[in-house]
Structure formats: structure tokens, C-alpha cells
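Predicted, not measured: the structure shown is a model, and the values here were computed from it. Here is how names work: the chains are called A, B, and so on, in the same order as the sequence lines, proteins then strands, and each is numbered from 1.
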Amino acid sequence: MTYEFDFAAVLEYWPLLVQGTWTTLRLTFFCTIFGILIGAFCAVVRTGGPGWARHLVGLYVEFIRNTPLLIQSYFLIFGIASMGVRLPILVGATIALTINIGAYTTEIVRAGIESIHRGQLEAAECLGLSRVQTYLHVVIRPALERVYPALASQYVLLMLASSILSSVGVEELFGMANRIQSDTFRNFEVFVVLGVLYLILAVIVRAGFALLGLALFPRRRKLGTPL
Amino acid sequence: MSPIVELKDVRKSFGALEILKGVTFGVNKGEVAAIIGQSGSGKSTALRCMDRLETIQGGSMVICGHRLQDSNIDLKALRRDVGIVFQSYNLFPHLTVAENVMLAPRLVKGIARAEARTIAEAVIAKVGLREKMDFYPEQLSGGQQQRVAIARSLAMEPKLMLFDEVTSALDPQLTGEVLRVMEQLAADGMTMILVTHEMGFARKVADKVIYMKDGKVHEMGSSDILRSPSTPELADFISEAAEH
Ligand SMILES: Nc1ncnc2c1ncn2[C@@H]1O[C@H](COP(=O)(O)OP(=O)(O)OP(=O)(O)O)[C@@H](O)[C@H]1O
Ligand SMILES: [Mg+2]
């Protein structure tokens with residue numbers, strides 16, 4: 001028995017694929033913005049905050065990194081719903097993913113901050129900058145710059161991992177693919193198309209990071225040195 | 001003339017180890033003081049205490065009117081009055097030369113960008129790097145970076161400049177360009193304290209030479225003490241330095 005490929009049957013569902021791709025892209029976009037903000041903030045607290053706040057952030061990071069994303073999302077999305085707050089599922093998914101990626105970002109940015117030489121902090125201190133000014137103007141940007149490649153990879157990973165949210169009813173790319181699969185029973189073709197779409201998405205996310213890098217690190221732009 | 005720097009019996013320990021064991025000296029306004037001495041004698045520690053990067057445990061230290069032994073000292077005011085330059089230039093790598101220099105005037109003094117740029121232009125010209133304003137530190141030689149570090153301090157218009165072996169990391173020909181900047185500063189009347197291994201430079205510009213040994217001032221006087229030291233230890237130190 002030979003298997004007859006029928007991609008046409010799958011591609012007929014292109015509106016669903018486009019919709020799913022768009023949803024995944026949007027989800028990734030918002031999680032990236034908020035994730036980096038949360039991660040940078042928590043990394044600063046983790047390295048320079050008062051003791052209790054450091055512990056709190058440590059707890060957050062360890063808790064998130066040692067439990068499955070699916071379970072975190074499940075409790076967050078249905079937890080919010082059970083409190084009687086009606087949120088669009090996509091918003092719930094964005095919050096869950098952001099909390100998750102924020103923890104990983106914290107650890108990556110913390111490594112960047114810790115790689116900043118003590119002399120930099122001392123120079124800022126001697127010039128009279130406050131601690132907050134020092135973090136904002138002297139520490140954060142070079143720290144982000146150092147860990148930027150690791151950060152970009154982590155966010156591609158986030159985009160790929162977001163497929164798991166189809167299990168809690170989010171109609172992102174993978175969710176849509178599931179629908180097509182159950183309609184057409186063309187599993188193999190669906191996965192091929194899905195793989196290609198995820199690949200394209202990964203290229204888009206990487207390109208987005210490259211552009212963001214140019215905006216964030218003007219020195220790289222001027223000197224033409226790669227990140 | 002009233003002293004701008006006054007140390008009296010200053011003591012400083014790291015844990016159980018006493019590094020400064022009663023250091024006493026003064027520097028008047030407009031004077032250049034050179035601190036010399038063996039490695040580990042506490043020169044850097046003394047300098048760092050003067051900018052309150054380290055706290056002292058005994059004695060008293062008054063810098064530009066600020067009493068450093070007070071626990072409620074106004075650090076921001078102290079650091080407006082005191083500039084310090086280290087052996088490692090510590091320029092901010094992600095900022096251009098101009099941005100490095102403008103940062104503190106803008107953030108600490110709240111000066112507007114355009115005015116800060118004017119200040120930066122003036123001090124950068126003073127260290128002879130006008131054409132490098134928009135370069136990044138990594139595009140500069142060590143000597144040029146060190147001159148930018150000096151300009152960055154000068155932009156805050158300090159009353160006192162501290163230098164800790166600012167030429168030790170540099171090649172001889174780069175050393176010269178940094179020393180010339182410092183010499184010019186001295187000629188302009190800046191009060192300066194420099195820790196240095198450059199005996200020739202100390203002899204030339206220092207009004208006062210302070211020889212430290214084992215956490216104490218062992219001998220002190222005009223730069224003449226470098227020609228005719230009165231203690232055998234300083235004599236040994238000078239002849240050792242001459243061999244290098
Ligand atoms: N933060 C610190 N903690 C513990 N010990 C320190 C610290 N800073 C300096 N010391 C010790 O204090 C002593 C004096 O150091 P200091 O750097 O003041 O010497 P120095 O005269 O500047 O020497 P050099 O010519 O090598 O720069 C050294 O023995 C050093 O190990
Ligand atoms: Mg030293």
C-alpha cells in the first residue's frame with residue numbers, strides 16, 4: 001500500500017493556518033516586550049535589591065523554571081476564570097507565557113549584569129550617579145548586549161513552546177493545525193506544513209531581534225560589529 | 001592657606017588586617033601631592049578613602065570641607081567636589097566619548113543636553129581629543145581612553161582630582177601624552193593628589209611628596225626629598241625605582 005500525498009486538502013484550510021500563524025506571532029510579540037521588561041526589572045532586583053526582594057525573585061524564578069509551562073498556563077487561565085474575571089483566552093495565554101519567559105529572562109539578564117565589571121559601578125559612583133541611575137545608564141544596556149544572543153534563542157524557544165497552549169484551548173498555530181487534522185485526517189501533510197510555518201516564524205523572530213538589537217545598541221550599528 | 005585635604009591619624013582595616021596605621025598629611029588648595037611607596041603600602045587605599053569608596057575606622061579626614069568620618073556625610077556633594085581616575089580607565093563602553101563625558105553633568109547636575117555637550121567639548125578639547133568626540137572607547141588607544149576618563153571627571157568641575165597610577169597600564173609613549181594632560185591641569189591650578197611610580201614626573205610637578213611605607217607616612221616634604229632623602233628607606237626605594 002502506498003500513501004498518496006494530498007497537500008491540497010490541507011492547504012484548502014489556509015485561512016485557519018494564516019489565523020493561527022498570526023495568533024502565534026502576536027502572542028510571541030507581546031510576550032517578548034513584557035518578558036524583557038519583567039526580566040530586566042527582576043534581574044536588577046535580584047542583583048541589587050533588598051534581601052527580601054532578592055529572595056522573592058529567586059523564588060519566582062525557581063518555581064517557574066521547575067514546573068511545566070502547560071500546568072502554569074492551566075492554573076493561570078482557569079484560575080483567573082474561576083475568580084470570576086472574564087479575560088479573553090488570548091490575554092490569559094499572554095500573561096501565562098509572559099510570567100514564564102520573564103523567569104528565564106531574569107536569569108539570562110542576571111548573568112549579563114554580573115558580567116559587568118566592578119570598575120564600571122565604581123566609576124559611576126565616583127561621578128555621583130545614584131544607584132538607580134547607575135543601573136539605568138551604566139549597567140542594563142551593556143548587560144543586555146552581552147546576553148543578547150542567548151536572549152534571542154530563548155524567545156525563539158518561547159515561540160515554539162507556545163504550541164503547548166493549544167492544549168488549554170488557545171487557537172494558535174498548533175491548535176489550528178489540530179483542527180485541520182481532525183477534519184482531513186491528513187496528519188503527515190499537516191505536520192509538514194506546520195513545520196515549515198514554524199520555521200518561517202522562527203526566522204521572523206530572529207530577524208525581529210536583530211532589528212531590535214540595532215535600535216537598542218547603537219554602538220553595534222556604528223561599528224558594524226555583530227552581536 | 002587652608003588645607004583642602006586634611007588627614008589626621010587615619011586608620012583603616014580590612015577585617016583584622018590594618019592597612020592604614022595612622023596616616024597624617026595635608027594638601028593645600030592648588031598644590032600637587034605625589035604619593036609614592038612600595039606595592040601594598042596602602043597608597044590606593046588612602047586615595048579610595050578620600051572619595052569615600054572605603055570608610056575609615058579611626059582618625060579624621062576632611063576633604064573640601066566634608067568630614068569623611070561622619071556617618072551622615074553628603075556623598076553626592078563630596079563626589080561633586082572630588083574627581084578620581086583609576087589605572088583602568090573604566091569608560092562606559094556603550095557610550096561615545098562625548099556621551100561618557102556628558103553623562104554625569106546631565107544626571108547629577110541636571111544640565112540640559114546642549115549645554116552638557118558644550119561642557120564636554122571644552123574638557124575633551126583640553127585633553128586634546130576634540131576630533132574623537134563621537135568615537136567609542138574601543139576605537140581609542142589606552143592613552144586616549146585615559147585622557148577621556150580625565151575629561152569625564154573634569155566635566156563635573158571638581159575642586160580636587162585624585163589619580164591612582166593612571167599611567168601604569170600604558171606603553172611609555174602613551175604615558176607621555178597622559179602626563180602632559182596632568183601637567184597642564186597642575187599648571188591651571190588644580191589641586192591634585194596622585195599615586196604614581198613615575199619618579200621623574202613626581203619630581204617635576206609635585207609640590208609635596210609623600211612616601212608611604214607599611215600603612216604610614218614614612219617621609220614627607222617638597223620634591224627635594226626625591227633628590228636628597230633623609231631616611232634610608234626612601235633612599236632605597238628611589239634607587240630601586242631608578243633601576244626599572
Ligand atoms: N578590599 C580589600 N580587602 C582586603 N584587603 C585589601 C583590600 N584592598 C586592599 N587590600 C590590601 O591592602 C593592602 C594595601 O593595598 P593598596 O592597594 O592600598 O596598596 P598600594 O600601595 O596601592 O599598592 P600598589 O602599588 O600595588 O597599588 C594590600 O595588602 C591589599 O591586599
Ligand atoms: Mg595601588
If I take atom CZ from residue Phe209(A) and atom CG from residue Leu151(A), how far apart are they, to the nearest 0.5 angstrom?
5.5 Å
If you measure from the Lys or Arg side-chain nitrogens to the Asp or Glu carboxylate oxygens, is any gap between Glu114(A) and Arg110(A) under 4.0 Å?
yes
Less than 4.0 Å between a side-chain N and a carboxylate O, is that true for Glu122(A) and Arg48(B)?
yes
Chi angles and distances behind the side chain to side chain contact (heavy atoms under 4.5 Å, CB included) call for Met182(B), Val166(B)
CA-CA 10 Å; Met182(B) 291 165 68; Val166(B) 292; 3.6 Å; yes
Using a 4.5 angstrom heavy-atom cutoff, name the option from Leu91(B), Thr96(B), Asp134(B) with the most pairs to chain A.
Leu91(B)
Tell me, out of Gly83(B), Pro93(B), Ala155(B), who's got the most heavy-atom pairs with chain A below 4.5 Å.
Pro93(B)
In terms of ring plane angle, is the pair Phe92(B) and His94(B) parallel, tilted or perpendicular, where the classes change at 30° and 60°?
tilted
Would you mind checking which part of [X] comes under 4.5 Å of any heavy atom in chain A, side chain (CB onward), backbone (N, CA, C, O), both or neither?
X	result
Phe86(B)	side chain
Leu107(B)	both
Val82(B)	backbone

If we define contacts as heavy-atom pairs under 4.5 Å, which of Gln133(A), His117(A), Glu125(A) has the most with chain B?
Glu125(A)
Is the Tyr198(A)-Phe174(A) ring centre distance short of 6.0 angstrom?
no
Part of Ile116(A) within contact of chain B (heavy atom distance under 4.5 Å)
neither
